[in-house]
Amino acid sequence: MFRAVVFLSLICAGLPQAGAQSQPAADVPPAAAEGGPRRWQAAVDTLVLREERSDAAPEVGAVAEGTLLSNQGCAMVEDRVWCEVRSIRGKLRGYAAAQDLRPARGADGVVPMGVDDSARRAARRDFDARGEISCAQIRGQQMQQCSVGVARGSGGDATVLVSFPNGFKRSLSFVHGEFISANATMSGVGTDVDWQLDGGLHRIRVEDQRYEIDHALIFGG
């Protein structure tokens, strides 16, 4: 019953508006790992993140309205709900008042709940789509064709497994419609990346590798 009340509060009623002073304990949303919203968005002009669950705690940073933050879990502290959050890019992590957050809705219109399982599905080759993309494995190499399999999640999440002609494979992770990182391999840890969406084409660099993937292949439609 508790979980049902929490989900109904999140999906139908939403979180309290910015400026609300307190919330009943039943409105404390669960972490994504416990089935709660996968991500929040900042719902105020400037959202301050703090080291602890208190307005008196030191600031660790601030983000603009609409910024995506992963949901690490919330707790009631002195009649106020605080949520631990983390930026989907970079290492910014801290606590924000729940009244200053709203569940993030993806481009597909869905507020994704729980942990994305696309990486696990891609690892066992449970793909929603397969195809070929333009790719290059080393610096200066001409673009060639690589085969790919795509495991799609909700809310704009997906994992793409790319297979080069020589057998080398790499997984590319997308969050909320954006490329975030690749898995670690002998060629690098997968975080030295560049990414842009150019006319429906995702142009991605991971270390010396390059990938060009059509948006529709990744997310359907």
Side-chain angles (χ1 to χ4, degrees), residues 2-3 5-7 9-107 110-116 119 153-157 173-184 188-197 206:
F2 175 82
R3 182 58 56 85
V5 171
V6 170
F7 279 14
S9 172
L10 282 166
I11 298 172
C12 298
L15 291 171
Q17 299 298 311
Q21 296 303 307
S22 63
Q23 295 174 266
D27 285 343
V28 178
E34 299 169 346
R38 196 171 300 158
R39 289 179 287 276
W40 303 116
Q41 280 186 307
V44 292
D45 288 343
T46 302
L47 177 65
V48 175
L49 304 185
R50 299 188 180 277
E51 287 185 3
E52 303 291 342
R53 298 180 178 91
S54 170
D55 285 320
E59 296 183 13
V60 296
V63 297
E65 182 175 7
T67 299
L68 294 171
L69 301 161
S70 63
N71 172 19
Q72 305 294 300
C74 305
M76 180 74 72
V77 178
E78 297 181 352
D79 297 324
R80 193 178 188 192
V81 178
W82 288 85
C83 297
E84 184 177 3
V85 297
R86 178 174 53 82
S87 60
I88 64 171
R89 294 183 183 276
K91 299 180 180 180
L92 182 61
R93 189 174 190 137
Y95 297 91
Q99 67 194 35
D100 296 332
L101 301 168
R102 61 173 177 263
R105 190 178 302 276
V110 173
V111 174
M113 308 292 284
V115 177
D116 175 47
S154 58
D157 294 352
S173 299
F174 292 78
V175 172
H176 212 80
E178 299 182 8
F179 171 70
I180 297 298
S181 64
N183 68 308
V189 297
T191 56
D192 176 16
V193 302
D194 288 323
W195 166 82
Q196 63 176 319
L197 181 58
V206 181

Interatomic spacing from OG1 in Thr191 to CZ in Arg89 - rounded to 0.5 Å:
12.0 Å
Indicate yes or no: at least one non-hydrogen side-chain atom of Asp27 is less than 4.5 angstrom from one of Val81.
no
Would you please test Thr67 and Leu47 for side chain to side chain contact (heavy atoms under 4.5 Å, CB included) and show each step?
CA-CA 9 Å; Thr67 299; Leu47 177 65; over 6 Å; no
Nearest heavy-atom contact between Gly36 and Asn71 is C-ND2, 4.2 Å
Scan residues 35-75 for pairs that pass disulfide (SG to SG under 2.5 Å), counting only residues two or more places apart or in two chains.
Cys74-Cys83
Side chain proximity check, Met113 to Pro37, heavy atoms < 4.5 angstrom:
yes
Please say whether more than 12 non-hydrogen atoms of neighbouring residues, nucleotides or ligands are located less than 6.0 Å from CD in Glu78.
no
Rounded at 0.5 Å granularity, tell me how far CH2 in Trp82 sits from OG in Ser54.
6.0 Å
Counting distance only, does the side-chain N/O of Arg50 pair as donor-acceptor with the main-chain N or O of Asp55 below 3.5 Å?
yes
For the side chain of Ser70 and the backbone of Arg86, is there at least one donor-acceptor N/O pair under 3.5 Å apart?
yes
I need the minimum non-hydrogen distance between Arg39 and Val175, along with the two atoms involved.
NH1-CG1, 3.4 Å
From the list Leu197, Val206, Asp194, side-chain contact (heavy atoms from CB on, under 4.5 Å) with Phe179 holds only for Val206
Provide the closest heavy-atom pair for Val111 versus Pro103 in the form atom of the first, atom of the second, distance.
CG1-CB, 3.8 Å
In short, Glu52 meets Ala57 closest at the heavy-atom pair N-CB, 3.6 Å
Heavy atoms only: give me the nearest Glu34-Pro30 pair and the separation to one decimal.
OE1-CB, 3.7 Å
Does any N or O in the side chain of Arg105 come within less than 3.5 Å of the main-chain N or O of Val110, such that one atom is a donor and the other an acceptor?
no
Nearest 0.5 angstrom please: Asp116 CG to Ser154 OG, how far?
7.0 Å
Nearest heavy-atom neighbours spanning Arg38 and Asp157:
NH1-OD2, 2.7 Å
Partner of Gln41 under side-chain contact (heavy atoms from CB on, under 4.5 Å), picked from Leu69, Leu101, Leu68, is Leu68
